[in-house]
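Okay, structure first, notes after.
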Amino acid sequence: MNPSRIVITGIIASGKSTLCDILRQKGFLVIDADQVNKKLIKEGGKNYLAIKSDEVFAPAFDGEKLDKKKLAQLIFADKEKMDRLNELSHKNIIEEIDSIIDKSSRDKVFIEIPLFFQMKETFPCDKIILVTAKRDVQIQRLIKRDGISLTYAKKKIESQDELERMKENSDIIIDNSDGVDKLKEEIEKILDRGDF
Ligand SMILES: CC(C)(COP(=O)(O)OP(=O)(O)OC[C@H]1O[C@@H](n2cnc3c(N)ncnc32)[C@H](O)[C@@H]1O)[C@@H](O)C(=O)NCCC(=O)NCCS
Ligand SMILES: Nc1ncnc2c1ncn2[C@@H]1O[C@H](COP(=O)(O)OP(=O)(O)OP(=O)(O)O)[C@@H](O)[C@H]1O
């Protein structure tokens with residue numbers, strides 16, 4: 001079985017995971033690249049080992065323990081470190097996602113890849129759904145969900161600010177600036193249209 005691959009991507013805190021939860025409730029298989037990475041950065045995992053062996057990331061370790069908050073602060077403050085982490089981790093994330101898809105018996109699989117357009121590696125797919133939200137809505141959701149400051153929220157947003165390019169290269173764009181009910185309606189319309 002070679003299922004059709006539908007990528008869900010978008011700006012940070014736009015509502016990708018919320019959309020994916022709706023799809024899961026409808027019975028679809030949804031793979032989340034962030035969750036895949038969480039497994040790979042657990043002690044002994046492929047990405048944990050790659051990060052541990054690079055001295056640039058030593059400040060993020062407390063003995064053997066990887067402190068994800070410290071790692072996030074390191075990469076969001078330094079683009080070079082972010083690129084290095086991406087180089088170490090993305091190929092492993094893709095490999096793991098491919099292996100989950102290979103084992104599935106579904107005719108379509110949704111894959112949430114927040115950094116789809118930023119990854120150097122190519123991830124073959126059939127359709128790309130882009131989730132967006134108005135900037136002020138995005139900032140407020142990020143601050144509320146993660147309990148972070150306005151400055152840090154803006155820094156996180158700036159690090160992946162290429163919205164126009166993302167729009168040009170996507171097949172379907174969902175604006176999730178309104179409530180969750182509106183988001184549900186939007187995805188139902190898209191599913192009914194049978195675009196994939
Ligand atoms: C920095 C880490 C430790 C933070 O972990 P944490 O559990 O707090 O956050 P989580 O993984 O859920 O990521 C939340 C969001 O942060 C943003 N983000 C994460 N990593 C990056 C990155 N390297 N560059 C830009 N944005 C990123 C994305 O929007 C992502 O959806 C973790 O995200 C990580 O190891 N990142 C590198 C791997 C990666 O690129 N993951 C994204 C897969 S597409
Ligand atoms: N339509 C909506 N109305 C109100 N709140 C929403 C809506 N969509 C998402 N949210 C809330 O906004 C926050 C961000 O949404 P979510 O976590 O789904 O975004 P994300 O794009 O997956 O984030 P990340 O890029 O960090 O992975 C969450 O707290 C979520 O509950």
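Not measured: the values here are computed from a predicted model. Hydrogens, waters and symmetry mates are skipped; everything else that's a heavy atom, side chains included, is used.
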Contact summary for Asn37 and Ser89, nearest pair of heavy atoms: OD1-CB, 4.4 Å

From CG (Asp78) to CD (Gln73), nearest 0.5 Å: 13.0 Å

Between Phe110 and Phe196, ring centroids under 6.0 Å: yes

Sub-4.5 Å side-chain heavy-atom contact between Ser170 and Ile128: yes

Salt bridge present between Lys127 and Asp195 (N-O < 4.0 angstrom): no

Heavy-atom side-chain contact between His90 and Lys120 under 4.5 Å: no

pair Asp54-Leu88: side-chain heavy atoms closer than 4.5 Å: yes

Nearest-0.5 Å distance that lies between atom CD in Gln35 and atom OG in Ser17: 8.0 Å

Minimal non-hydrogen separation, Ile143 against Ser149, with atom names: CG1-O, 4.3 Å

Pairs satisfying salt bridge (Lys or Arg N to Asp or Glu O under 4.0 Å), at least one member in residues 28-45, at least two apart: Lys39-Glu96

Close side-chain approach of Pro3 and Ile101, heavy atoms under 4.5 Å: yes

Shared hydrophobic cluster for Val7 and Ile22 (ILVMFWY, side-chain gaps under 4.5 Å): no

Sequence neighbours excluded, every pair satisfying salt bridge (Lys or Arg N to Asp or Glu O under 4.0 Å) that has a member inside residues 138-147: none

Euclidean distance, Ile157 CD1 relative to Ile139 CD1, rounded to 0.5 Å: 4.5 Å

Same apolar cluster: Leu191 and Leu130, side chain cutoff 4.5 Å: no

Glu186 bridged to Lys189 by N-O distance under 4.0 Å: yes

Hydrophobic cluster membership, Leu23 vs Phe116, 4.5 Å side-chain cutoff: no

Ile129 with Leu163, same ILVMFWY side-chain cluster at under 4.5 Å: no

side-chain contact (heavy atoms from CB on, under 4.5 Å) assessment of Thr132 paired with Asn176: CA-CA 6 Å; Thr132 66; Asn176 178 37; over 6 Å; no

Glu162 bridged to Arg165 by N-O distance under 4.0 Å: yes

Asp126 (side chain) donor-acceptor with Ile6 (main chain) under 3.5 angstrom: no

Rounded distance [0.5 Å steps], CD1 in Ile41 versus CG in Leu49: 12.0 Å

ring-ring contact (aromatic ring centres under 6.0 Å, His included) against Tyr152, all qualifying residues, sequence neighbours excluded: none

Ring-ring centroid check Tyr48 Phe57, cutoff 6.0 Å: no

Full working for side-chain contact (heavy atoms from CB on, under 4.5 Å) between Phe61 and Lys70: CA-CA 8 Å; Phe61 283 86; Lys70 282 191 191 154; over 6 Å; no

Approximate separation, where rounding is to 0.5 Å, of Ile174 CD1 and Ile187 CD1: 4.5 Å

Closest approach of Ile12 to Gln138 (non-hydrogen atoms, all atoms of both residues): O-NE2, 2.9 Å

Check against side-chain contact (heavy atoms from CB on, under 4.5 Å), Val56 and Leu74: CA-CA 9 Å; Val56 164; Leu74 273 185; 5.9 Å; no

Whether over 12 other heavy atoms sit under 6.0 Å from Glu87 CD: no

4.5 Å side-chain heavy-atom contact, Val36 and Ile100: yes

Close side-chain approach of Lys184 to Leu19, heavy-atom, < 4.5 Å: no

Nearest atoms (heavy-atom pairs only) where Lys156 meets Leu142: CB-CD2, 4.3 Å

Side-chain touch Glu112/Ile31, heavy atoms, less than 4.5 angstrom: no

Gap between atom CD1 of Ile111 and atom CD1 of Ile93 - 0.5 Å precision: 13.5 Å

Cluster check Ile97, Phe28: I/L/V/M/F/W/Y, side chain < 4.5 angstrom: no

Exercise: identify the closest heavy-atom pair between Ala133 and Asp175: CA-OD1, 3.9 Å

side-chain contact (heavy atoms from CB on, under 4.5 Å) assessment of Ile51 paired with Leu71: CA-CA 10 Å; Ile51 299 165; Leu71 182 59; 4.1 Å; yes

Heavy atoms from other residues, nucleotides or ligands near NZ of Lys154 exceed 12 (cutoff 6.0 Å): no

Validation row: Val137, Lys134 side chains within 4.5 angstrom (heavy atoms): yes

